[in-house]
Amino acid sequence: MPRGQKSKLRAREKRRQAKDETQGLKNAQAAEEKGAPSCSSSVSEDAVPSTSAAAFSQKPTTTAAAGVSRKKSGKGAKSRGEGSVSTSKIPPSTESAQRDLLTKKAGMLMQYLLYKYKMKEPIMKGEMLKIVNKRFNKRFPEILKKASERVDLVFGLELKEVKPGGNSYTLVSKLDVTNNGSLTSLGFPKNGLLMPLLGVIFLNGNSASEEEIWEFLNILGIYEGKKHIIFGEPQKLITQDLVQEQYLEYRQVPGSDPPHYQFLWGPQSLAETSKMKVLEFLAKVNDTVPSAFPSHYEEALRDEEERSQPRAATRRGAAANIHTCSRVTPGSSSFP
């Protein structure tokens with residue numbers, strides 16, 4: 001057989017093998033998801049995308065948040081893929097599918113953790129292993145770490161073992177420990193949705209249309225008119241609850257006919273957090289730094305400078321009052 005023909009046959013065989021491997025992984029994934037046991041009928045795969053941080057890091061969106069979505073799929077995902085068995089032999093498309101599947105498992109685990117916290121039920125390692133499925137038992141520590149980091153970042157809940165080396169865990173609220181400007185003081189579960197919403201508003205020029213907000217919420221698996229397992233009735237949450245608490249403003253776009261509505265930061269959000277804090281949140285979600293978003297970073301720096309000016313003036317005024325009072329002796333009087 002001619003040498004050129006042999007080369008073509010070898011190349012064709014390699015492509016066929018790669019295709020078979022990819023299809024095999026997809027089939028295994030489909031079979032696993034079809035037959036995987038669920039520890040609670042309330043925690044379903046329909047709820048998997050509904051992680052606030054995950055939407056920024058995994059899913060594309062046509063809003064300005066799209067710039068955030070492309071960061072994590074490269075550097076962060078690549079580093080997590082290192083160390084897996086025979087990774088060098090796996091075609092890039094198959095490796096990417098494996099990363100996506102691990103990310104999905106972490107999302108499922110996060111939903112389980114939040115559900116157990118909301119229901120005040122114990123978190124058992126055995127149940128989590130069932131959710132992850134035995135095929136991923138060796139990757140369980142990695143998947144649990146990813147899920148617990150997201151719960152911590154978004155909701156201010158820390159996963160702890162009940163007993164060292166035991167098989168049960170609990171989620172502990174960090175509200176009483178610290179409030180670092182991430183709006184954890186708002187409380188569960190509202191705090192998990194508000195910070196990403198503020199991010200969408202900021203990235204869209206400090207106001208986001210109702211359509212843009214719902215497009216983002218749909219990516220999270222949150223739909224208008226459909227009650228969510230964690231957040232309840234979303235329409236009421238974003239247009240009434242968060243508005244009444246002054247974390248969001250919901251108002252008609254001036255001159256719109258028929259009327260269109262938009263969301264802005266409310267006065268309470270402006271008081272409790274800042275554009276820099278929100279940008280730091282988005283950066284942390286995407287394994288990067290705030291300066292990775294140049295124009296928004298500059299705007300956040302200007303906002304920080306403007307916020308510091310009133311505080312500096314207040315401090316100067318207080319210092320002047322102290323200086324004036326110190327000049328008045330105990331027995332003196334301002335009256336003749």
Side-chain angles (χ1 to χ4, degrees), residues 49-53 55-56 59-69 154-155 179 181-228 230-282 285 290 293 295-307 309-310:
S50 55
T51 57
S52 308
F56 283 105
K59 305 288 187 179
T61 166
T62 56
T63 67
V68 189
S69 65
V154 179
F155 293 95
N179 180 14
S182 60
L183 293 173
T184 53
S185 59
L186 185 60
F188 178 87
K190 296 177 185 177
N191 59 338
L193 192 59
L194 180 58
M195 202 68 170
L197 286 177
L198 295 179
V200 173
I201 293 170
F202 177 35
L203 295 177
N204 276 285
N206 299 308
S207 67
S209 68
E210 190 168 19
E211 292 77 13
E212 288 169 331
I213 291 294
W214 278 112
E215 183 178 359
F216 174 72
L217 291 176
N218 290 170
I219 293 171
L220 298 181
I222 301 173
Y223 302 95
E224 186 175 4
K226 183 177 180 181
K227 190 173 182 179
H228 190 268
I230 302 298
F231 300 109
E233 173 48 56
Q235 177 78 16
K236 179 177 180 294
L237 176 61
I238 66 173
T239 63
Q240 296 181 38
D241 297 346
L242 293 176
V243 172
Q244 289 171 1
E245 295 178 50
Q246 298 190 325
Y247 283 100
L248 291 178
E249 283 189 12
Y250 177 63
R251 64 191 188 192
Q252 184 177 340
V253 177
S256 60
D257 186 20
H260 290 278
Y261 293 84
Q262 62 184 356
F263 288 86
L264 298 89
W265 286 29
Q268 201 64 28
S269 293
L270 292 169
E272 291 187 21
T273 192
S274 66
K275 293 178 179 179
M276 185 60 76
K277 289 292 184 183
V278 170
L279 202 59
E280 288 172 353
F281 168 82
L282 299 179
V285 166
F293 314 98
S295 60
H296 296 97
Y297 183 63
E298 291 177 6
E299 182 178 348
L301 285 175
R302 290 194 298 270
D303 180 63
E304 290 292 300
E305 185 177 354
E306 291 171 1
R307 285 169 175 266
Q309 290 174 357

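Numbering starts at 1 and runs along the sequence shown. What you see is a predicted model; the values in this text were computed from it and never measured. Quick note: numbers below take in every heavy atom, side chains included, and nothing from hydrogens, waters or symmetry partners.
- I213 contributes atom CD1, which lies 5.0 Å from atom CD1 of I201 (distance to the nearest 0.5 angstrom).
- Looking only at distances, a side-chain donor or acceptor of W265 sits under 3.5 Å from a matching main-chain atom of L198.
- Smallest separation of non-hydrogen atoms from N204 and V200: ND2-O, 2.8 Å.
- For the residue pair V278 and G199, the shortest heavy atom distance occurs at CG1-CA, 3.5 Å.
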Yes or no on side chain to side chain contact (heavy atoms under 4.5 Å, CB included) for L282 and L203, after CA distance, side-chain angles and deciding distance?
CA-CA 10 Å; L282 299 179; L203 295 177; 3.7 Å; yes
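- Across every non-hydrogen atom of K277 and T273, the tightest pair is CB-OG1, 3.3 Å.
- Rounding to the nearest 0.5 Å gives a distance of 14.0 Å between NZ of K227 and CD1 of I222.
- Atom-to-atom distance recorded for F231:CZ and K190:NZ is 12.0 Å, nearest 0.5 angstrom.
- Taking every heavy atom of both residues into account, L217 and I238 meet most closely at CD1-CD1, 3.9 Å.
- At a cut-off of 3.5 Å, with distance as the only test, a side-chain donor of E210 or Y250 sits close to an acceptor on the other residue.
- Side-chain contact between S256 and Y261 is absent, with no heavy atoms from C-beta onward closer than 4.5 Å.
- Taking each heavy atom of P290 and L279 in turn, the nearest pair found is O-CD2, 3.8 Å.
- In this structure, D303 contributes its side chain and E299 its backbone to no donor-acceptor pair below 3.5 Å.
- Atom NE2 of H260 and atom CD of E211 lie 6.5 Å apart (nearest 0.5 Å).
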Side chain to side chain contact (heavy atoms under 4.5 Å, CB included), that's the test. Do N206 and L264 meet it? Break it down for me.
CA-CA 6 Å; N206 299 308; L264 298 89; over 6 Å; no
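- Residue M195 holds its CE atom at 8.5 Å from CD of E280, rounded to the nearest 0.5 Å.
- E272 approaches Y247 most closely through the heavy-atom pair OE2-OH, 2.8 Å.
- Here the CE-CZ distance, from M276 to F202, works out to 8.0 Å after rounding to the nearest 0.5 Å.
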